[in-house]
Asks: 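Below you'll find the structure I mean.
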Amino acid sequence: MSWLFPRLLAGLVTMVLGGLLGYAFGLPIHAPVIVGLMGGIVAVGALATRDTLRGVRLIDWLHGPQSSDAPRDAGFWGEIGYRVERSLRACERERVRERARLQQFLEAIEASPNGVLMLDPQDRIDWCNSVAASHFGLDPQRDRLQRITNLVRSPAFVAYLQAGNFQEPVQFSDPRGMGMLSVLVREYGEGMRLVLSKDITERERADAMRRDFVANVSHEIRTPLTVVAGFVETMASLPLTETERKRVLVLMEQQTSRMQTLVSDLLTLAQLEGSPRPASDRWMPVSKLLRQVETDARTLSRGRHSITLSTETGTEIAGAEVEVLSAMGNLVGNAVRYTPDGGTIDIGWRRLGDGCGEFSVRDTGLGIEPEHIPRLTERFYRVDGSRSRDTGGTGLGLSIVKHVVQRHGGELTIESEPGKGSRFRAVFPAARVRYVEPGSDLDSTAAPRPVDQGGAEAR
Ligand code: ADP
């Protein structure tokens, strides 16, 4: 009411002044009253005009963007302007805060490794993060408000969405045909749906590999086990001559040793997979390793092949001795097993220009068809199953070699020509190869060093 009192007072004062003026000029008694009233009307009119102008100014400001301050007038229009401006500014601040919160929320969903997609009650796309867009092959802007089932046509997904039973996720191959998706739907709000998607390609692949692996191992073990069981039964039920008994025992021994080799290769693989990378400061002389490998090759070959060795003294390699020996031994063993009698096997080591070290085994054996080469390092992959088994192979050798070489930061390459022979090369990185002057402080052959006990050791 603070604005009303001054106006009433001003009207009253003007009226009294008008009356006094009329009286002073000796006018009849009704004349001062009339003049007083006129004065009052003029004063009230002047105040009303001033207030109208102020009100118009305020309305103009309200019609505008309100970026400037409200008119700072005295009186009630000024008061209204100030209060309106204050509440507008408060709303604006709240809106900015809300927008920042929404942005943060969207960024958090965007950072999720899973796809998040929101559907309206008509199953039209309301919003999706970029992971969901990539999972379903969508364009978040272009496909907004499109029905999801028009864009993702996988029958399993469409049926899942239509059935409305979202207890369990549904799995189907992603629309780009590049992998598998697991999708879970959650309902919220009024008929809205949240679609959560996850790429399970790797998991599925690992599961399939595990299943294959178990099936392969079972098969590999069952075969010799069946043979041994048959022989045991034969020995138990049939009267055998001494010669027959000896023959059966030899065959049984062959089968059990096949199982032993298989189990030992499986353990090696498990160890390689479960242990940390070999230390890069355990140095071993390459020439010693190669001599050992050459001896083993000659033993296995029993003079049926011509075996040569070319190495260089002073070179050392860092890593796990047992692992490196096993990889080199596998490559040389394969060369012996897959090279017909009279063939040649060259075992070699050389340092490459960039400081890397290359171990190579070249043979003049059977060779391998090009289509098999990329798959040779898969577990249990064999080009010729019967030949591999006849020569004591498990199908795990090259898989072990690849693992060992990779654990040492190297790379395995295979070149082969059917009927002419093969060359297997394991290239070790420069960081794991060094040249040591014979007799120098670094020479690992000069002083006794702790012997590496294998890759499974934590160092
Ligand atoms: P295996 O125990 O069967 O030898 P590997 O993993 O060592 O298993 O080798 C996989 C397959 O690669 C072998 O079955 C064989 O067919 C082929 N292979 C490996 N080394 C040679 C080689 N030097 N010459 C020809 N074929 C080879």
Side-chain angles (χ1 to χ4, degrees), residues 209 212-213 215-217 219-221 223-224 254-273 290 293-294 296-301 304-309 323-348 358-407 410-427:
M209 271 173 67
D212 283 357
F213 184 66
N216 277 322
V217 171
H219 175 75
E220 292 291 331
I221 289 184
T223 315
Q254 276 173 2
Q255 295 303 322
T256 45
S257 89
R258 188 173 144 193
M259 278 193 283
Q260 268 172 341
T261 316
L262 177 68
V263 171
S264 145
D265 276 0
L266 284 171
L267 282 175
T268 306
L269 262 180
Q271 232 170 19
L272 290 174
E273 280 175 351
L290 263 65
V293 167
E294 185 203 9
D296 293 348
R298 288 191 190 285
T299 312
L300 193 64
S301 164
R304 291 176 292 131
H305 307 94
S306 146
I307 299 175
T308 68
L309 171 69
E323 288 184 25
V324 176
L325 259 179
S326 137
M328 290 177 168
N330 261 305
L331 292 180
V332 173
N334 279 352
V336 173
R337 289 165 46 226
Y338 297 108
T339 302
D341 295 359
T344 305
I345 295 163
D346 299 320
I347 306 167
E358 179 194 272
F359 170 76
S360 68
V361 182
R362 188 202 296 269
D363 64 54
T364 55
L366 305 173
I368 306 157
E369 303 285 343
E371 67 268 23
H372 295 295
I373 292 181
R375 300 198 57 192
L376 288 183
T377 53
E378 286 176 20
R379 293 162 186 191
F380 296 112
Y381 189 84
R382 295 163 162 122
V383 177
D384 178 349
S386 57
R387 185 177 174 96
S388 157
R389 288 188 189 92
D390 290 350
T391 55
T394 59
L396 296 173
L398 288 181
S399 181
I400 292 175
V401 174
K402 187 180 169 192
H403 255 85
V404 170
V405 175
Q406 282 183 344
R407 279 163 57 76
E411 207 185 338
L412 175 71
T413 49
I414 306 169
E415 297 152 67
S416 189
E417 217 178 308
K420 292 210 165 156
S422 316
R423 184 155 78 127
F424 288 75
R425 291 186 299 149
V427 176

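Computed from a predicted structure; not experimentally measured. Atoms within a ligand are numbered from 1 in the order they appear, just like the ligands themselves. Residue indices begin at 1 and follow the sequence shown.
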Asks: Under a 4.0 angstrom heavy-atom cut-off, which atoms of ligand 1 come close to R337?
Replies: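 Counting atoms of ligand 1 from 1, those under 4.0 Å from R337 are 1 (P), 2 (O), 4 (O).
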Asks: Hey, what do you get for CD (E273) to CZ (R407), rounding to the nearest 0.5 Å?
Replies: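 Nearest 0.5 Å value for the CD-CZ distance: 9.5 Å.
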Asks: I'd like to check L262 versus F380 (side-chain heavy atoms, cut-off strictly below 4.5 Å). Are they in contact?
Replies: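 Yes, at least one pair of side-chain atoms sits under 4.5 Å.
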Asks: Can you list the ligand 1 atoms lying under 4.0 Å from a non-hydrogen atom of V383?
Replies: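 With V383 as reference, the close atoms of ligand 1 come out as 14 (O), 16 (O).
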Asks: Considering non-hydrogen atoms only, spot the tightest contact between P418 and P370 and give its length.
Replies: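 Answer, listing the atom of P418 first, then P370: CG-CD, 4.5 Å.
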Asks: Write down the atom of G367, the atom of S422, and the distance for their closest heavy-atom approach.
Replies: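 Taking every non-hydrogen atom into account, CA-OG, 3.7 Å.
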Asks: Looking at R298 and I307, what are the two nearest heavy atoms and their distance?
Replies: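 It is NH2-O, 2.9 Å.
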Asks: On a heavy-atom basis, I'd like to know which of D384, I368, T377, D265 is closest to atom 26 (N) of ligand 1.
Replies: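 Comparing heavy atoms across D384, I368, T377, D265, the nearest one to atom 26 (N) of ligand 1 lies in I368.
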Asks: Over all heavy atoms of both residues, which pair between M259 and P224 is shortest? Give the atoms and the distance, please.
Replies: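 That closest heavy-atom pairing would be CG-CG, 3.4 Å.
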Asks: Among L331, L396, N334, which one has a heavy atom closest to atom 20 (N) of ligand 1?
Replies: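 Considering heavy atoms of L331, L396, N334, the nearest to atom 20 (N) of ligand 1 sits in N334.
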Asks: Using a strict 4.0 Å cut-off to heavy atoms of T394, name the atoms of ligand 1 that fall inside it.
Replies: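 Selected atoms, number and element: 2 (O).
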Asks: For N330, is the nearest heavy atom under 4.0 Å from an atom of ligand 1?
Replies: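 Not so, N330 does not reach ligand 1.
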Asks: What about G367: any of its N or O atoms under 3.5 Å from an N or O on ligand 1?
Replies: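 Between G367 and ligand 1, no N or O pair is found under 3.5 Å apart.
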Asks: So, regarding Y338 and ligand 1 (criterion: nitrogen or oxygen to nitrogen or oxygen, under 3.5 Å), is there a contact or not?
Replies: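 Yes, Y338 has an N/O under 3.5 Å of an N/O on ligand 1.
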Asks: Considering the heavy atoms of G395, write down every atom of ligand 1 situated less than 4.0 Å from one of them.
Replies: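 With G395 as reference, the close atoms of ligand 1 come out as 1 (P), 2 (O), 3 (O), 6 (O), 8 (O).
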Asks: May I ask you to test the D296-V332 pair for a side-chain heavy-atom distance under 4.5 Å?
Replies: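 A side-chain contact under 4.5 Å is absent here.
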Asks: Run the contact test for S422 against ligand 1 with a 4.0 Å cut-off on heavy atoms, strictly below, and give the result.
Replies: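 It does, in that a heavy atom of S422 comes within the 4.0 Å cut-off of ligand 1.
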Asks: Quick check on D363 - does any of its heavy atoms sit under 4.0 Å from an atom of ligand 1?
Replies: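 A heavy atom of D363 does come that close to ligand 1.
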Asks: Hey, is H372 one of the residues with a heavy atom under 4.0 angstrom from ligand 1?
Replies: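 Per 4.0 Å heavy-atom rule, H372 does not contact ligand 1.
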Asks: Should V404 and M328 be marked as a side-chain contact (heavy atoms from CB on, under 4.5 Å) after you check the CA-CA gap, both sets of side-chain angles, and the distance that decides it?
Replies: CA-CA 10 Å; V404 170; M328 290 177 168; over 6 Å; no
Asks: Can you name the nearest heavy-atom pair linking T261 to T394, along with the distance?
Replies: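 Closest heavy-atom pair between T261 and T394: CG2-CG2, 3.9 Å.
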Asks: Which one of G393, G385, G421, S388 has a non-hydrogen atom at the shortest distance from atom 3 (O) of ligand 1?
Replies: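 Minimum heavy-atom distance to atom 3 (O) of ligand 1 goes to S388.
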Asks: After noting the C-alpha distance and the side-chain angles of T364 and T339, does the key distance pass the side-chain contact (heavy atoms from CB on, under 4.5 Å) rule?
Replies: CA-CA 6 Å; T364 55; T339 302; 4.0 Å; yes
Asks: Looking at atom 12 (O) of ligand 1, what's its closest protein heavy atom, distance included?
Replies: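 Nearest protein contact, heavy atoms only, for atom 12 (O) of ligand 1 is L376 CD2, 3.3 Å.
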Asks: At a 4.0 Å threshold, what atoms of ligand 1 neighbour a non-hydrogen atom of R382?
Replies: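 Near R382, meaning under 4.0 Å from one of its heavy atoms, ligand 1 has 3 (O), 14 (O).
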Asks: I'd like to know whether V405 forms a side-chain contact (heavy atoms from CB on, under 4.5 Å) with V324, so could you lay out the CA-CA distance, the side-chain angles of the two residues, the decisive distance to 0.1 Å, and finally the verdict.
Replies: CA-CA 8 Å; V405 175; V324 176; over 6 Å; no
Asks: Closest non-hydrogen protein atom to atom 6 (O) of ligand 1, residue and atom name please, with distance?
Replies: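 The closest heavy atom on the protein side is L398 N, 2.8 Å.
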Asks: Give the residue, atom name and distance (to 0.1 Å) of the protein heavy atom nearest atom 11 (C) of ligand 1.
Replies: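 Of the protein heavy atoms, Y381 O, 3.7 Å lies nearest.
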